[in-house]
Every structure is written in C-alpha cells, then in structure tokens.
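To keep things clear, I will list the structure first and then write my remarks on it.
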Amino acid sequence: MPTAAAGVEAAAAAPVDDPESRSVRLKGAAFWAAFLLSAAGILASVNQVFNLGLGGFKPVSTGYYYLIIGLFVSLGYFAFPARKGQTDVRWYDWLLAAVVLGCSIWLTAGAQAIIDRGWNLAAPLVPTLIAGLYVALALEALRRTGETILFVFCLVVAAFPLYAGQMPGFLWGVQLDLGQTVREHVYGLESIIGIPMQVVADTLIGFIIFGVVLANTGGGSFFMDFASALLGRARGGPAKVAIFSSGLFGMLSGSPTSNVLTTGTITIPTMKRCGYPATYAAAVEACASTGGCLMPPVMGAAAFIMASFLNVPYAEVVTAAILPALLFYLALMLQTDLYAARMGLRGIAGDAVPKLGHTLAAGWHYIVALIGLTYLLLAWRIEGEAPFWIALFLLAVAVIKGRKTGFGPRAFAQLVVDVGQAVAQLVCLIAGIGLIIGALSITGVANSFSRELVQYAGGNLALLLAAGALTSFILGMGMTASACYIFLAIVLAPALVEVGIDPMAAHLYIFYWGMVSFITPPVALAAIAAASIAKADAMAVGFKALRIGSLLLLLPVLFVLQPALILRGSLGEVLLAASTATVAVVLLAAAFEGYLWRVGQLATWARVGLGLAGLMMFVPEVRTDVAGSTLALVTIVLAAWRARRQPDQPPHPPTPAPPG
C-alpha cells in the first residue's frame, strides 16, 4: 500500500473538482494580496478572541464582525471566480474586493455610532445607499461560493420584507420598503452580522486555522498511515482503513467531499486492488467521509452554530453527538467486515503496511493535538481559544521538523493563504445566508411559521418528523450543511420542541437529515467525488452508499424517540439504550451483507428475520426489545442448524480490479 503522503500528493494532482468549493489556486499579485488579507484577518481574530488590544485596537463586537467580513469577503472575490471554469483574477474582482473592504472599514470605524443612532431603523441617504451596496456585495459573494439554487433561494428570501404584507396565512409578515430592508440587513443584529456570522468570527476561524494547519503539516498522511498500521492486515483491511482514517480526518476537517478527495485517493484504489468492486469501495469512502462531519470534537460549522442557537456550551453538543456517531461507524465497520468474510477478501500484505511504532514516532504530535483539543473543549470549555493553541503547537512542531518535512517560508505563506481561502468561503456563505435569518426575523414570520406548522400537524409527532426529514433532505440537495441547518433551526426546530422533543435532539435531527443528501441520489456530492476517483457510475455509488449508510436515516428518528441515545437520561437508561442499539446495528449489518460470524452465508429468510429483529430492537420499548431479541435468537439458531446440514460453501472469489 502506498504511503498516505503519496496519497495527499495525488489528491493535489488529481483532476477531480471538489463540488463543495470553486476556489482557484492564486498566484502572483493576487496570491500576495490574499496573504496580506488572510494575515490581517487572522491577526484581527486573535486580537479579539484573546482580548489583546494590539496597538490599542479594541473594536466593539459589531465593528469586529464588519472587519472580518471585509477582509475575507474581499479575499473571496479573488479566490472564487465570477464564472465557473475561470482561473485568473480579473480587474472587476480587484474592484469588488476594494469596495467591500472599503465599506467594511467604514462600518468598523462607525460601529458604535451605528448602534447609538439606531441606523437599522432610520438613517441618512448615504448610509442607506452603502447598506444597499453591502447587501448586493454579500449576495454576489454567496453566488460565487455556493450553488445557484442557494443563491436564488437567499435572494428571494432576503427580499421577503418587500412583499411580506401581501403573503397569505402564516406567511404574512410586517412589510418594509427597500431602504428599511437593506438597513435592517446591514445595521441590524439579526441578518448579515447575526448569530451565524458571530459564531464564525468568534469561534470558527480558530477551528478553520487548526484544520488547515493539520492538513498542511501532514495530518492527513499520518491518520492514513496510523489507520493502515492498526487495521491494514485485518480481513477487508483496506475498507476498514478507509473508514477509520476518514473518520479521524473528517471529524477535524468537517467537509465530506474534501475528506473524500484527501483520503479517498489512496483508500479507494487500494480497496479495488484487494478485491472490492469499484462501486462498493467508493460507497464506503463516501459514507465514512460524510460521517466525519457527525463525529466530535469538531463536526463542522453547523455544530457550533447549533450550540449558539441552543445557548449551551459546545461541549454539550459534542457529548450529545458522540454515541450516534460511534453507532454509525460501528455499522460501517461491521458491514465491511461481513462483506469481506462473505467474499473471501483479505487484508493488505504485511510488507505494504506501515509499522505502528515508526508511524507513531513520526506523528505523535497529531495524537497529542487531537487529545489536547478534546480536553480543552470538554474540560476547560474554551471553544474560542482552544484551536489557536493546538494550531500553534502543530506549527511549532512543523517548524522544528522543517528540514525533514520541507515546511519553510513559502509553505508557511501558502498555509496562510489556504486558511484565508477556507475562512473566506465560509464567511461569504454565511454573510448571504444571514439575509435569510434577517428577513424572517424582522417580518415576524419565523415565529408564526413554526407555530402554524404545529397547528397544521395537529401536534402529530410523526407528521412533524416526516416534514422535517423531507424538508432537510430537499434543502440539503442544494445547500451546504450549515445553510440547511440554519434555515431549519429558525423555522422547524421550534415546532419540534413545541411538541415535546428534547431541544438538542430536535436540532441534531435536522442537522443529520441535512447530511443525508451527501450520500443520497440525485445530488450525493460525497458519492460523486468518490465515484470520480473509483471510475464508477456516480448514481450506482450513490445508491450503494445509501444502503451502506442507511443507519444515517434511522439514527435521527431514534434519538428523537429515545433521548438516552444522545446521553439524555440516567446512567441506566443510557446503558440500556446503547446496548440495544449496538445489538440492533450488528443484526442489521448481518442482514444487509447476508453473512454472520460462525454461521456463514445467510438465506433470504434469515436476512429478513435479522433485519426485522434489528429494527424492533431500535424501537425504545421493552416489548419490542424482547420481541426483537427472541426473533434474532430463533433466526440465528435456525440459520446455524441449516448451515450445519449443508456442506460448507466457499466464499465468493474476489473480483480483481481492472488494470489501471
């Protein structure tokens, strides 16, 4: 098996576009302009988070948010071309960058005056014109970084205050004129600089810096080699390496598609060489990479915004998310193991597997960084400062080892620009998405929507869950996970809470269902990225990923019905829920793959029996647990008796991968 370092290099060279990002590789004057903007943005963030007051600069919070928008949206105009396929920075990109930076500096300088004079309610002509220009710049930044459907959706909803008074029923709201609308969007505290932007500026910049430093200093290579050293020789080792490494890297990067393109360039070809069909290999990688966004400690932007909406420490979100994420990865591991057993697939040859001791000696600092970040988040609960300290630790190690790793001044400059581009993408998206929240809040529709939704559903939990799942899935097709979650957290989560669902479970429910679209046709961004590497049919990979990752559809419903799965309840309730869920995962994995340890291949009736038993054990009731356990026991006994009466059947021979 090639080293993961080679895989990361291959990822950089591979002609595979990340469907989540349209950024280009900057060069020349644009590169150094991006470097200066990134460095200024990082310095401003450090100054604010640690309250340093460098040079006497202590802006009010709104002034800091305007400054962050100005620095990173202007960088976004360099990094994200106006047209798809365009690779160079045009004159109008420089102009737009200068305008948004100039407007933001003006807003930063007058932030306190804006609050004191109440410009969101009434303002002179010039500030109103600047507000209108700022909204247009935010929408253009969103158009460049997001999909067309997200841009159109934000444009229509951002203009909602202009026609809210003409809407029927619960969509009716307070109507404003154009000047009032743009002033509320820019000078108010619920739109462009609302909660999502505040979370990005106060917390997420540090985590983005940490993620980029981790990747640029070799973290992806280490996690791949570490997973290979642990699991490479096991039965079906390549698939288990893919799951473990993608989970480790994904829980820190928070991007399913980028995770596929980073780790999948090694894991997918290796799985194919060891006998896994291209479709199955790509589906496993897509599921593992998507699950990384659900695995603590980082989980992506939406999880931090969730903590802010719920007004709880981020540690509570991490704690609630850990058990469902572990169950999901357990399901992936079991299915790949049973598939390998049924097909007679082996692990990687011993001489191709990295030595564990050598791997740990070379990358021990990544393990320390992961443990340290988790400790600072859970024990000290310093979400804002923690990633900066860990990123600084990784940078220090990289500089010390610079002669061996090649991490020099140019690599450092590229790292700063990479940080800037990553932050710019998120800031550009959130600035546009904030318009949705602002429009629904200032018209009063956000509250009436959830209230009317409960009324129309008649308080029926099943109807509300179905509506939430369908809406999350549809929005997830055209939006990022953060955009989908933010919209539904405003309009749907309050309705779920009103009918008695635990608030954390309600927010995790819509978050999970928004992630389903990454592995579900017709969009399935993670599956498409994996299919391009595997040279397999994208739709076939999507449907296979949906089957392998089907627990992703079940888990949200389960922890809504049984909050003990998100660690809400007594220790006994949590242990019972975890135990029955684990047994259910084992039974469903055997049913899906048609194989069970010490029994062998399963007949269709046995697979159906185990599948039904697993589903029954997922239902949080004693009767269903007893019935499921009984059905599973009877099915296993009959299947084992049938297997002993029949001659041993050799496993299906693995199909060798095609050349190249």
Side-chain angles (χ1 to χ4, degrees), residues 16 18-21 211 220 223 227 239-265 267-268 271 279-303 321-322 324-333 335-336 469 472-473 475-485 508-534 536 538-556 585:
V16 180
D18 183 350
E20 289 185 293
S21 173
F223 288 130
K240 295 173 183 176
V241 169
I243 294 168
F244 191 62
S245 61
S246 297
L248 282 174
F249 191 70
M251 70 183 182
L252 300 174
S253 69
S255 172
T257 312
S258 298
N259 195 3
V260 168
L261 296 174
T262 300
T263 60
T265 51
T267 60
I268 292 174
M271 281 189 275
T279 301
Y280 195 94
V284 167
E285 177 60 44
C287 290
S289 295
T290 300
C293 296
L294 309 172
M295 175 67 81
V298 179
M299 300 173 60
I322 185 64
L326 290 176
L327 288 172
F328 178 70
Y329 275 99
L330 174 64
L332 295 182
M333 280 287 189
Q335 288 183 82
T336 54
S472 301
F473 176 70
L475 291 179
M477 290 183 184
M479 296 186 180
T480 63
S482 299
C484 176
Y485 167 74
L508 282 174
Y509 179 83
I510 58 179
F511 176 52
Y512 262 64
W513 267 99
M515 298 301 300
V516 166
S517 63
F518 278 95
I519 59 171
T520 307
V523 180
L525 294 180
I528 290 172
S532 66
I533 298 172
M539 287 300 100
V541 172
F543 284 112
K544 181 68 73 173
L546 181 60
R547 200 271 285 165
I548 295 173
S550 56
L551 192 62
L552 196 60
L553 283 69
L554 289 174
L555 280 172
V585 166

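Rounded to the nearest 0.5 angstrom, E285 CD and T265 OG1 are separated by 8.5 Å. One finds the CD1 atom of I243 at 5.0 Å from the CG atom of L332 (value rounded to the nearest 0.5 Å). We find the OG1-CG distance between T520 and L525 to be 10.5 Å, quoted to the nearest 0.5 Å. One finds the OG1 atom of T290 at 8.5 Å from the CG atom of N259 (value rounded to the nearest 0.5 Å). Of the inter-residue distances, the one linking W513 atom CH2 with C484 atom SG reads 11.5 Å to the nearest 0.5 angstrom.
Applying the side-chain contact (heavy atoms from CB on, under 4.5 Å) test to L327 and every residue at least two apart in sequence or in another chain returns L323, L551, L555, L565, A581, T582, V585.
Counting heavy atoms from C-beta outward, I548 and Y280 have side chains that approach closer than 4.5 Å. Put simply, the side chain of P324 reaches to within 4.5 Å of the side chain of Y512, judged on heavy atoms.
When atom types are taken as modelled, the side chain of S289 and the backbone of A286 share no donor-acceptor pair closer than 3.5 angstrom. Distance alone, capped at 3.5 Å, is enough to place a donor-acceptor pair between the Y329 side chain and the A288 backbone.
Heavy atoms only, all atoms of each residue included: M515 and L294 are closest at CG-CD2, 3.7 Å. Listed here is the closest heavy atom pair of I533 and G264: CG2-O, 3.8 Å. When all heavy atoms of A531 and A282 are compared, the closest pair comes out as N-CB, 4.0 Å. Among all heavy-atom pairs drawn from G542 and A527, the shortest one is CA-CB, 3.9 Å. Here the closest heavy-atom approach between residue F328 and residue C287 is recorded as CE2-O, 3.5 Å. Contact between A227 and F244 at its shortest, heavy atoms only, is CB-CD2, 3.4 Å.
Evaluation of the salt bridge (charged side-chain N to carboxylate O under 4.0 Å, His left out) test over residues 540-556, restricted to residues two or more places apart or in two chains, returns R547-E593.
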